[in-house]
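Working notes, structure below.
The analysis underlying the following values was restricted to heavy atoms, covering all of them including side chains, and did not include hydrogens, waters or symmetry mates. The chains referred to below are lettered A, B, ... by the order of the sequence lines, with proteins before strands, and numbering in each begins at 1.
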Amino acid sequence: MKKSSAATPPRTPAKKSSKKKTAKTSTVKSSPSARKSSPVPQVHSIDWKAELAAALSSAAGVPVEQAAGSLMPPSTPVADWCSNLAFSVAKEKKTNPAKLSAEWASSPNAKWPSFISKVEAVGPYLNFHFASSFWTALLSQAVSSPSWGKGEPKAAKVLVEFPSVNPNKPWHVGHLRNALLGDSIARLLGASGRTAERMDYIDDLGLQVAQSVWGKQKLAGVQPPAGSPFATKLDHQLGWQYVEVAKKLADPQVEEEVRSLLKQVEEGHEPIASSARALVESCVKAQYQTAFSFGIYHDALIFESDVIRTIFKEGLNKIISSGMAVKETEGKNAGCLVVRLADQPEFAGMENADKILVRSDGTATYTGKDVAFQLWKFGLLQDKFVYSPFMVQPNGQTAYKSSRSGDPFPFARAQAVVNVIGAEQAYPQKVIAAVMRKIGYKTQAAACIHLAHELVVLPEGRFSGRAGTWMSGEKGGPGFTADELLHEMKQLAIEKITAENYSAEEKQIIANGVAVASIRFWFLRPSAMQKITFDYEKALSFSGDSGPYIQYAYARAGRIMEKAEEAGIAAKLPPADYVFNEKEIALLRLLLRWPSAVEHAASKYQVHPIADYALDAAGKFNEFYTTTPVLGEKAGGHSSSRLMMVAASRALLGQSMDILGLPRLEKM
RNA sequence: GGGCCCGUGACUCAGCCUGGAUAGAGUGCCUGCCUUCUAAGCAGGAAGUCGGGAGUUCAAAUCUCCCCGGGCCCGCCA
């Protein structure tokens, strides 16, 4: 039952993913530096938006809510903040909005907050400029508190499932997109203060597994070309064998043998059942090597055989006892357990809205299994799973797997469930939520989030695991597996390093980091619903709007700080009379909006706005970098103040990079 | 038949949910800038009927309806 269709993710440096072992619940970390009393006002400890709204409210004589609703960042860099209140008031009073704004700007009733240095009417708009002390306070917080910009810790746990790739082949670029989305969403949720748990669903039953077992036994000679750097990687070997098996299936004898294997696997006959599970786990481990190379990690792997053995029946009973599932006695679905959905609005227009959960032969459909699994994710079933360690990941955390023996862990039991799955599977995902709603779990049904994404395709069409369209073609070029893409990218990145003084080891680290960032960014920048046509030419570029562009800005900032330290210059808050230049103001405005940008993106389960934000921040920093000397005589004695800008910019860039999984490189 | 998604300069995409100030980037093309903190960069230029039409509104890329083009979904498949 594989659900995700494609897309794979890039790697990220494992931040603190919520490891499970749980119960040790999170200690709320209070950042000491943020707490200690600071000589400057704390920008985010005062609700500046509320203060501004209150002042505007009295200046214009409108309710506070109306004033607050009119405040926004300007679309062009004409001011720090603005209001379009005059439009709506002018309409009510049938007068000229520009005139109103002009009146409010100089209204004697207005008591503008002290952090506002200037209020001006520009046409119908009311524009606000913040005082230097406001910006200084913001800088102080951004630099002194490591948790600055992170959301307030929230109690709710969000479970994110991805990528659920069948364990019989290597990840192709489509699986990579899915995994990158899942990984980055989990990072984003974490940055917003939520607890994200990363789960993978492994289909260790089914035809493909039987085919893999058969292929492993009979087609050991079928392998990727010897020249391939991945010729000995198990997932690649199985993938090549799988394509071969698919061709041979036309032979009745082969078909018969595979079918027999399938029966033994599904019925748990030994020794086949155990060796099949072992093969599956080995393949997943090989796939996870790919994941790790992109910085993708998991907390728990749930195997389908364990779902069937442990929770499926209970989930089904829950639906049956609610009276919402019935066994058909006649008609084309006779003998099947079905749930009727015709009364649900989203299925209204369907010819037949009945959905089969259990077939007439007693086996579960995909949807049937998924509904039970989803109930478990929300903690609505007795949790009978036990887990054992699957592997220790490079980020130091152990990924656990469901198994026959082991210990219980409080995985799942989530308040919201995000399934990262291709948009093509929107219908079955709706069925899951609809069934939950029907049996009475309305809150949970509303918290079923299908994070849908479009596929990665080739100019000639979609990928097919069976047809092997992911393999290198006859042209002999690289194939479309995630491993090959990263390999190609590293080659290019290495060539791009021209600095003479880097050691071979440094070059490797840089090339790897650049390759990962480039690929991750390439997949994460467009919105998830945008189809991506894979093209090596375009994927392999790293200038302009790209991951390396962001890394470059970050590295530049790092070098300035390094040189400052060598010179013994420390960052200090700008003095009261410091005048921020235009480039500095641009950076400060981005800094100001960052926390709400994170929360907004997280609440919508969208990663791509963060990619845009990071690009914007990198661009603004590069402008600052080229126009504003920080060190040396040209800095005109402002080195310490400007170093503060550099440090804050670096913090902002770093946080956005962590969410996107772009490795923080100190040098490039 | 019913439903979902995409359609913005030559190309690839943001912006649409929460309507407002000259529609933003990048690539490609044309011009400049490395004796000064990394040129994987910066500055500037040419390039756009925001698929089409109607409607709502003081104001529409953004909201509503219809249409066109492309993709996907509506199985006792997985």
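Rounded to a whole Å, the OH atom of Tyr552(A) is 8 Å from the P atom of rU38(B). The distance from atom CG of Asn581(A) to atom P of rC42(B) is 16 Å, rounded to the nearest whole Å. We find that CD of Gln425(A) is positioned 14 Å from P of rG75(B), with the value rounded to whole Å. Gln530(A) has its CD atom 13 Å from the C1' atom of rG15(B), to the nearest Å. Atom pair Glu454(A):CD and rC72(B):P shows a separation of 9 Å (rounding to whole Å applied). In this structure, the CG atom of Leu455(A) is 19 Å from the P atom of rC4(B), given to the nearest Å.
With both ends at atom P, the span from rA21(B) to rC63(B) equals 15 Å, rounded to whole Å. For the C1' atoms, the distance linking rG3(B) with rG19(B) amounts to 27 Å, nearest Å. One P atom belongs to rU8(B), the other to rC33(B), and the distance between them is 37 Å to the nearest Å.
Between the side chain of Asn84(A) and the base of rG20(B), at least one donor-acceptor pair of N or O atoms lies under 3.5 Å.
Closest to the side chain of Ser75(A), from the set rG15(B), rA40(B), rA21(B), is rA21(B).
Residues Trp522(A) and Leu540(A) fail the side-chain proximity criterion, which asks for heavy atoms closer than 4.5 Å.
Of all non-hydrogen atoms in Ala86(A) and Leu100(A), the two that sit nearest each other are O-CD1, 4.0 Å.
Relative to the ring axis of Tyr554(A), Arg650(A) places its NZ or CZ within 45° and under 6.0 Å from the centre.
Base contact: Ala334(A) has a heavy atom under 4.0 Å from a base atom. Contact annotation for His600(A): base contact, defined as any heavy-atom pair under 4.0 Å involving a base atom.
Residue-nucleotide stacking is not present for Phe87(A) and rA59(B), judged by a side-chain ring centre under 5.5 Å from the six-membered base ring centre and planes under 30° apart.
Trp470(A) contributes a side-chain N or O that, together with a main-chain N or O of Gly465(A), makes up a donor-acceptor pair within less than 3.5 Å.
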Problem set entry | Worked check of side chain to side chain contact (heavy atoms under 4.5 Å, CB included) between Ile302(A) and Val307(A) | CA-CA 7 Å; Ile302(A) 307 296; Val307(A) 168; 3.6 Å; yes
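Nearer the 5' end of RNA chain B, as judged by each residue's closest nucleotide, is the contact made by Thr76(A), out of Ser541(A) and Thr76(A).
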